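Since the structure comes first, as structure tokens, the remarks are kept for the end.
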Number of protein chains: 2
Amino acid sequence: MPVKKIPETTISRLFLYLRKVTELSKLSMKRVSSAELGESLNLGAAQVRKDLGYFGQFGVSGSGYVVTELKEKLSKILSKHKTFNVAIVGTGHLGSALLAYSGFEKQGLNLVAAFDTDVNKIGKQLQGVEIESVSDMKDIIKEKKILLGIIAVPAKGAQDVADILTNAGVKCILNFAPKHLNVPEEVKVRDVDLSRELEMLSYFLGNGKKVKL
Amino acid sequence: MPVKKIPETTISRLFLYLRKVTELSKLSMKRVSSAELGESLNLGAAQVRKDLGYFGQFGVSGSGYVVTELKEKLSKILSKHKTFNVAIVGTGHLGSALLAYSGFEKQGLNLVAAFDTDVNKIGKQLQGVEIESVSDMKDIIKEKKILLGIIAVPAKGAQDVADILTNAGVKCILNFAPKHLNVPEEVKVRDVDLSRELEMLSYFLGNGKKVKL
DNA sequence: ATATTGTTGTGATTTTTTTCACAGATTTCG
DNA sequence: CGAAATCTGTGAAAAAAATCACAACAATAT
């Protein structure tokens, strides 16, 4: 395999292409050009082609990409067929909203456990999942072979939770706490930092690009 | 004003520095070096200095940055003193969780309106905010001078909502719908695409970096 | 058949972002 | 005080990512 290193930004765009191409396939569109693919995503045609190019050549000169074929290839590249077990830590407002989120299954993710420290919550069910104690987390994660952990606890406890998760063998973390997590190199973390997003927007509102001290 | 163009990534890191420096100031630490600042954030010292360098020079050779001073400067740069009005559109699980989120005030954001299309919800209160009809949205946004809109509706309706928002004068959008929004150039959008985050992680779980077709 | 048009794949170029590296300033220590 | 250690600010270099530009090929029109 000619393993060129693929930029993470490319991977991330691939999902957008897959979405789009799925949409197009529902509309029974046969073919699509790189320009069309990029258009509504505000991406240049060259960008699209380069991204796809990392994975071999499945376009047809002169007529673009065959929608169904592209969809299938992207699906395969992006491992949309595999499934993994997931745990949520923290069942506050955000954690609960996530438990109710229907998108997990679509991504091949089985939400099989939820944890909290609040004794009033432990034992209760939420969206068909029983809330268990964080103190039992390590064992349960190992037992259920959970590979992906979602952290939805306050910043203060986030690093501790991350430590337990990685210790128990979790490979990826989706972190909602506004706190940078230090984890072993082989563990992949993605941050969803709501606080920072709001701050960024607030910054743009306040500065409209120009900076004054 | 020597308006060098400042990378958005820099701005985004500035918030992390501010967080850190706020923490340090609570610990009564007097000074901090670029190396220390970057350390727990996995950022190099040079990166930190360069980021701060965009806004003038407020470090002291040989001894680093004065914590309180840096905190204040960052605060100022990042417009942490100004406040703006915010509306949430969509009061499902996610929207409700957001309404309950306490972080808005901290960012100087006043959550002053919530909208939904569901007639059963309209008129009810959620976290002290009355849910109003999307059909009245345009007027209310203008009237309350709302500059930031948060979209927490399904992908299908997201573009329509974005259109109404921008039309009513909203300057920034925080978009939770898994859909790319087309908006006028002067409007700033930030996407929080949960679906894509999960997909990305799922990809890493499945591929552990290497790609096979 | 041949010309024309449309579109891919990719090397080259440009732009953006990060990292390096070091002069010059400050503090500390003997 | 003078030497050694610590840091910043920043130009230069490197790395990463996006964009350009064009040869090669396919489809369509004449």
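The sequence lines fix the lettering, A, B, ..., with proteins before strands; numbering per chain opens at 1. The structure presented is a predicted model; accordingly, all values stated were derived computationally and were not measured. Only heavy atoms go into these numbers, but all of them, side chains included; no hydrogens, no water, no symmetry mates.
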Regarding B/Thr22 and B/Lys71, is there a side-chain donor-to-acceptor distance under 3.5 Å anywhere?
-> no

Do any pairs count as a side chain to side chain donor-acceptor pair (under 3.5 Å) and have a residue in residues 151-166 of chain B, sequence neighbours left out, and if so which ones?
-> B/Gln159-B/Asp163

Tell me what B/Gly64 touches on the nucleic acid: a base, only sugar-phosphate, or nothing, going by heavy atoms under 4.0 Å.
-> sugar-phosphate

Atom-to-atom span, NZ of B/Lys30 to P of C/dT28 - whole angstrom = 14 Å

Side chain of B/Gln47 - closest among C/dT10, C/dT18, D/dT10 = C/dT18

Does A/Gln127 CD have over 12 foreign heavy atoms under 6.0 Å away?
-> yes

Is there a donor-acceptor pair under 3.5 Å between the side chain of B/Arg49 and the backbone N or O of B/Ala35?
-> no

Less than 4.0 Å between a side-chain N and a carboxylate O, is that true for B/Arg31 and B/Glu69?
-> no

Given C/dG11, is OP1 or OP2 found less than 4.0 Å from the side-chain N or O atoms of A/Lys50?
-> no

Return the nearest nucleotide to the side chain of B/Thr9; candidates are C/dT18, D/dA17, D/dT8.
-> C/dT18

OP1, OP2 of D/dT6 versus side-chain N and O of B/Tyr65: anything below 4.0 Å?
-> no

For A/Leu41 and D/dA18, give me the distance from atom CG to atom P, rounded to whole Å.
-> 14 Å

Scan A/Gly44 against the nucleic acid and name what it touches under 4.0 Å (heavy atoms): base, sugar-phosphate only, or nothing.
-> nothing

Rounded to the nearest angstrom, tell me the gap between atom CD1 in B/Ile11 and atom P in C/dT18.
-> 12 Å

Given atom OH of A/Tyr54 and atom C1' of C/dT8, what is their separation to the nearest angstrom?
-> 16 Å

Is A/Ser34 touching bases, backbone alone, or none of the nucleic acid, heavy atoms closer than 4.0 Å?
-> sugar-phosphate

Atom CG of B/Asp51 and atom C1' of D/dT10 are separated, to the nearest Å, by 14 Å

Filtered N/O pairs between nucleotides 23-30 of chain D and protein, under 3.5 Å:
residue	atom	partner	partner atom	Å
D/dA26	O4'	A/Ser61	O	2.8

Options D/dA16, D/dA18, D/dC7, nucleotide nearest the side-chain atoms of A/Lys5 = D/dA16

d(CG, B/Leu70; C1', D/dT8) in whole Å | 13 Å

Backbone of B/Asp118 reached by a side-chain donor or acceptor of B/Asp116 within 3.5 Å = yes

Between A/Ala46 and A/Pro7, whichever has its closest DNA chain D nucleotide further toward 5' is A/Pro7

Specify the separation, in whole Å, of atom CZ of A/Phe58 and atom P of C/dG9.
-> 8 Å

Without hydrogens or angle criteria, can the side chains of A/Ser40 and A/Lys20 be said to hold a donor-acceptor pair below 3.5 Å?
-> yes

Can you tell me if the side-chain N/O atoms of A/Arg49 get under 4.0 Å from OP1 or OP2 in C/dG9?
-> no

For B/Leu37 and D/dT6, what is the distance between atoms CG and C1' respectively, to the nearest whole Å?
-> 16 Å

Can you check whether B/Ser202 reaches A/Lys82 side chain to side chain, under 4.5 Å on heavy atoms?
-> no

